[in-house]
Amino acid sequence: MKHDGFRYDFTGRELAYFLFGKKICPKCQGKLLKSKGYETVGGSVFNSKTAAFFIPNSKIKHYLYFYNCEKCGAEFTLSELAK
């Protein structure tokens, strides 16, 4: 499947955790390992009324980050850890 564009979404807290946060499991204090995934969405999902960045019928690869604990096996999203 060919994608026409890509997008990363970070809030300020998510970006700070992604770059500088300690990657420690909140449940067991084990080491968290980062993994990267994506979902395919239509371009019209990310367009606003004031600015259209993507063509409405295009396929956009929206990247997401997940963290897995190697000790207890728990999985967290970046937004869960940034809170």
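Sequential numbering from 1 along the given sequence is applied to the chain's residues. Computed from a predicted structure; not experimentally measured.
- Within the hydrophobic cluster formed by Ile, Leu, Val, Met, Phe, Trp and Tyr side chains joined at under 4.5 Å, directly or through other members, L33 stands alone, with no partner residue.
- Taken from CG in D4 to NZ in K61, the straight-line distance is 11.5 Å, to the nearest 0.5 Å.
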Side-chain donor-acceptor pairs under 3.5 Å in residues 13-28, sequence neighbours left out?
unit_1: E14; atom_1: OE1; unit_2: T11; atom_2: N; d: 3.1
unit_1: Y17; atom_1: OH; unit_2: K22; atom_2: O; d: 3.1
unit_1: K23; atom_1: NZ; unit_2: Y17; atom_2: O; d: 3.0
unit_1: K23; atom_1: NZ; unit_2: F18; atom_2: O; d: 3.4
unit_1: K23; atom_1: NZ; unit_2: G21; atom_2: O; d: 2.8

Without placing hydrogens or testing angles, list every side-chain donor-acceptor pair under 3.5 Å for residues 73-82, not counting sequence neighbours.
unit_1: T77; atom_1: OG1; unit_2: S79; atom_2: OG; d: 3.2
unit_1: T77; atom_1: OG1; unit_2: E80; atom_2: N; d: 3.3
unit_1: E80; atom_1: OE1; unit_2: T77; atom_2: N; d: 3.0

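- We find the OG1-CD1 distance between T40 and I60 to be 9.5 Å, quoted to the nearest 0.5 Å.
- With sequence neighbours left out, Y8 forms a side-chain hydrogen bond (donor to acceptor under 3.5 Å, both in side chains) with K36.
- Through direct or indirect side-chain contacts shorter than 4.5 Å among Ile, Leu, Val, Met, Phe, Trp and Tyr, L64 is connected to F66.
- Atom OH of Y38 is surrounded by 12 or fewer heavy atoms from other residues, nucleotides or ligands within 6.0 Å.
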